[in-house]
Structure formats: C-alpha cells, structure tokens
Visitor: 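The structure is given below, and queries will be raised subsequently.
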Number of protein chains: 2
Amino acid sequence: MTPTAAKPRRGRPPKDSGGVLSRERILREALALVDEEGIEAVSMRKLARRLGVDPMSLYNHIDSKDALLDGIAEVLLSRLPAPSPAADLRDSMDTMAREFRATMLEHPRAAPLVLTRKLASLTALTPLEAVLSPLLAAGYPPDLAVHALRTVLAYLIGTLMREVNVAPTFSVANPEASRRRLADLEASGLPAVMSAAPYLAVCDHEQEFEFGLRILIDTLATMAAQPH
Amino acid sequence: MTPTAAKPRRGRPPKDSGGVLSRERILREALALVDEEGIEAVSMRKLARRLGVDPMSLYNHIDSKDALLDGIAEVLLSRLPAPSPAADLRDSMDTMAREFRATMLEHPRAAPLVLTRKLASLTALTPLEAVLSPLLAAGYPPDLAVHALRTVLAYLIGTLMREVNVAPTFSVANPEASRRRLADLEASGLPAVMSAAPYLAVCDHEQEFEFGLRILIDTLATMAAQPH
DNA sequence: ACCTGAACACCGTTCAAGT
DNA sequence: ACCTGAACACCGTTCAAGT
C-alpha cells in the first residue's frame with residue numbers, strides 16, 4: 001500500500017525526475033501509474049506527487065482528470081504498430097486484430113480506457129485504412145465494409161474486456177477459485193451447464209480469441225467472394 | 001429470489017421515502033440514481049440522501065461502494081427474461097442475444113456495470129443453459145459449445161459497449177458532430193477511409209447489431225452440421 | 001507562461017455511541 | 001439488530017497570488 005521507504009515526500013521536488021513538466025511527460029507518468037496501481041488509483045494529487053510537482057501545475061497542461069484519462073487512452077492507442085503495406089483481406093484483418101490485442105495486453109490495466117471510452121480524436125486512422133482498404137479491394141461496398149470492420153472491432157473489444165477484467169492483477173486465473181466454480185456449476189441442476197462445467201470454469205484467453213476471430217475472418221472473407 | 005422476511009406491516013410505506021431500509025430498496029434506488037445521473041454520479045452519501053437516511057446506515061446492508069455497484073449489475077442482469085422452453089440453435093441464440101441487448105438498453109447508463117465488471121455470482125444461469133443446450137443438441141462437443149457461447153457473448157459486449165457509451169445521454173448522435181467528423185475523415189488523405197467516410201461518420205446501432213449477429217449465428221449453426 | 005498553496009465542496013469508510 | 005454522527009484521510013477544481 002504505502003511506499004516502503006519513508007522518504008520526506010513534501011520537501012523539494014526531486015529535480016532528477018525527468019525535466020520540466022509537459023503534457024507528454026504527464027501522460028507517460030500517468031500510464032506508468034495505471035500500470036502499477038490500476039485506473040481507479042489515479043488521482044491528480046498522486047500523479048503530481050510522483051512528478052514532484054504541485055497538483056495544480058498539471059492543469060497548465062491538461063484540462064481535467066477526464067481529459068487525462070482520455071490522453072492515456074490515446075497514448076496507448078497510438079502504440080499500435082504502423083500497418084505493413086499490402087496484404088490480402090484475411091492477412092490484414094488477422095494482423096490488425098492480433099496487433100490490437102497485443103498492444104492492449106502490454107498495458108492490461110490501462111486497456112479499459114481504450115476499450116470503454118468514446119475517443120473523440122482520430123488516432124489510429126492508418127490502421128483503419130489498412131483494414132478498410134482490403135475490404136474494398138475484395139469487393140465490399142463501402143457501407144458493408146464499415147459493417148464488417150465494426151463487427152470485428154466489437155468482437156475484439158468484447159474479448160479483450162474479458163481478458164483484462166478477469167485478471168486485472170495479471171495473475172493467472174486462480175485454480176482454487178476455478179475449482180469452487182466448477183463445483184457450483186455442477187450443482188446447478190441444469191443439464192447443459194453441468195456437462196459443459198469443466199470448460200465454463202476456466203478460460204484460455206488465447207484459444208478463445210482464436211476461435212471467434214477465425215469464424216469472423218473466414219466468414220467475412222467468404223462473403224467477399226459473393227455478390228452483395 | 002430469496003423469500004422475503006415477514007413484513008412488519010402492509011399498506012402505506014412510512015414517510016416520504018418509502019419504507020424501511022433493505023438491500024433490495026437500496027439497490028433499487030441506486031439503479032434509479034444511475035439511470036438519472038450516470039454511474040460516476042453515484043456516491044454513498046448521495047444515495048443515502050435520496051433514501052432519507054444516514055450514509056452509514058447503508059453499510060448495514062451493503063459491504064462497500066464496490067459491492068453496491070456489483071449489486072446494481074446483478075439486479076440488471078436478473079432482469080433477463082426467463083428463456084422460452086425449446087427452440088433450435090438459431091432461434092435460441094438469436095433470442096438470447098436480442099433479449100440481452102433489450103435488457104441492457106432499458107438501462108443504458110447502468111449497462112456498463114454488467115458489461116465491464118467480472119461478476120463473481122452465478123446470476124443468469126438459466127439463460128446460459130438455454131444457449132448451451134441447443135449447442136450440445138446440435139452436436140457441439142462441450143468445449144466447442146463454450147467457445148461458441150463466449151464468442152457471441154464477446155460480440156454482444158462489444159457492440160453494446162459502443163451503443164451505450166456513444167450516447168450516454170440517450171440523445172441520438174449529434175448530426176452536427178457527425179458532419180464535422182465526415183469532413184475530418186474526408187480530409188485524411190487515406191483513400192479507403194475517404195470513400196467509406198459517409199458510413200464511418202454515423203452508426204445505426206440496430207443495423208450494426210444485426211449484421212454481426214447474423215454472421216455469427218449463421219456460421220455457428222452451419223458449423224454444427226459439420227464434423228468437429 | 002507557468003507554477004504554487006489555500007480553500008471549497010465533496011468523497012468512502014472507521015469507530016464509538018446510541019436505540 | 002439496526003441506525004447515527006463525528007472524524008479521518010482522502011478527492012477534483014477555483015482562485016488569487018507569485019515567478
């Protein structure tokens with residue numbers, strides 16, 4: 001909980017902490033704070049303490065706490081790798097999905113900021129292009145291409161939310177808890193639930209992700225070959 | 001669910017605030033508060049004020065604010081209609097998905113509590129049975145049935161998150177904002193983004209929901225006919 | 001232009017005291 | 001068994017004042 005070292009925290013700000021204040025430096029430190037302690041541990045005051053600065057100084061660079069959280073989300077989203085040049089429909093959707101997931105899982109505790117906030121800005125426009133372009137090239141009319149894009153995106157958001165929420169501490173799912181859950185499910189008296197209980201009690205995120213992604217991409221690629 | 005204890009009296013509730021304190025009454029009022037002002041407007045103190053009670057009285061019925069939010073989520077989830085008896089794979093998944101969506105959209109501001117929290121409890125076990133059962137009957141081995149279930153669930157969570165987050169005020173998407181967005185997209189210089197811009201700038205949630213759901217259910221139903 | 005500190009109007013929760 | 005109020009250790013943000 002409290003820092004182990006009992007340093008005098010209220011004296012002079014440590015000037016070693018990386019230079020002058022700036023929006024960029026604030027966001028970087030904020031992301032680090034989220035990584036370490038989670039989103040709800042973020043406060044303007046705590047962040048300022050980490051930066052060795054008065055809480056109010058942050059407001060010279062960021063409008064509000066809400067804008068701070070949006071800013072963190074944008075930082076994370078901007079870490080999406082630049083798309084590789086040309087590929088077919090299957091490859092490009094597959095790559096986009098995998099990179100999106102990998103990028104979020106690098107910061108599992110911050111990921112919900114991207115997954116649950118309506119980002120007004122237009123970050124990640126080139127990854128968008130990288131998916132839309134092969135859809136159009138494959139024969140999708142623009143309206144259906146957008147539907148296809150949004151379907152995959154919804155699936156990604158849903159699976160990732162499950163991944164990062166179930167294990168916010170990043171510990172593998174507690175085998176103790178999963179054993180108890182298995183027992184509960186088997187006591188439910190519902191036949192289908194009971195026979196699927198061993199699989200309901202655990203969740204291999206990797207496998208889960210692949211299963212649904214495969215279905216979506218296969219179907220969308222197949223649909224491209226059919227008249228719309 | 002649990003049989004309510006004998007009430008001291010029937011008839012008119014005392015005072016203006018509607019009777020004695022209870023977990024049930026607290027959760028009902030909390031859901032109303034979320035409906036009116038949103039999740040982040042919820043505080044123990046404000047909730048107590050609405051109930052005409054000291055803030056600390058709430059703690060006789062609820063462990064913490066976090067437990068309160070979990071409780072609201074469970075109330076909402078328990079509003080899922082009981083599944084209709086027997087149906088084929090397509091119908092039962094379709095019905096489950098539609099009812100889940102409808103239930104969430106009745107409380108759009110509270111829905112994120114269900115969509116983003118890891119609910120430990122086993123609410124909604126019978127809807128689960130109602131989906132798993134036809135999957136098994138259609139020939140899915142239990143492990144794949146669970147994959148199929150989770151894929152649809154991920155999609156539902158993702159689409160619904162988009163629906164309730166984009167319009168938390170429940171106003172239809174601002175046409176002004178969407179016109180500006182269109183302009184931005186068309187100025188992006190990215191060819192696919194530009195030609196899909198009119199469709200990216202708006203989002204018909206109904207249509208969007210149907211598109212992805214159709215793909216998933218069709219594919220899962222078709223897969224049932226194939227050897228695993 | 002940027003930073004500061006006091007101040008305001010809030011929080012969740014502990015605790016001791018009441019009935 | 002339930003309710004209360006004071007108290008503690010926090011919040012986000014406004015404002016006036018400093019450099």
Visitor: Hunt down any stem DNA chain C takes part in, defined as 3 or more consecutive Watson-Crick or G-U pairs whose two distances are each under 3.5 Å.
Guide: C:4-8 with D:12-16, C:12-16 with D:4-8

Visitor: Is Arg150(A) close enough and on-axis enough to Phe211(B), meaning under 6.0 Å and within 45°, for cation-pi?
Guide: no

Visitor: Which whole number of Å gives the distance between the C1' atom of dC3(D) and that of dC15(C)?
Guide: 14 Å

Visitor: Looking at Glu24(B) and Arg28(B), is there a salt bridge between them, counting it only when a charged N and a carboxylate O are closer than 4.0 Å?
Guide: yes

Visitor: So that I can tick it off, tell me whether Asp66(A) and Arg117(A) are bridged by a salt bridge, with the cut-off set at under 4.0 angstrom between side-chain N and carboxylate O.
Guide: yes

Visitor: Would you say Ser57(B) places a side-chain N or O within less than 4.0 Å of OP1 or OP2 belonging to dC2(D)?
Guide: no

Visitor: Could you check if a side-chain atom of Val114(A) sits within less than 4.5 angstrom of a side-chain atom of Met104(A), using non-hydrogen atoms only?
Guide: yes

Visitor: Would you call Arg50(B) and Glu36(B) a salt bridge, taking side-chain N to carboxylate O under 4.0 Å as the test?
Guide: yes

Visitor: Could you give the CZ-to-C1' distance, from Arg23(B) to dC2(D), as a whole number of Å?
Guide: 17 Å

Visitor: Name every residue in residues 39-47 of chain A that has at least one heavy atom under 4.0 Å from any atom of DNA chain D, in order of residue number, or write none if there are no such residues.
Guide: Val42(A), Ser43(A), Met44(A), Arg45(A)

Visitor: Side-chain N or O of His61(B) less than 4.0 angstrom from OP1 or OP2 on dA1(D)?
Guide: no

Visitor: Starting at the 5' end of DNA chain C, which residue's closest nucleotide do you reach first, Ser22(A) or Arg49(B)?
Guide: Ser22(A)

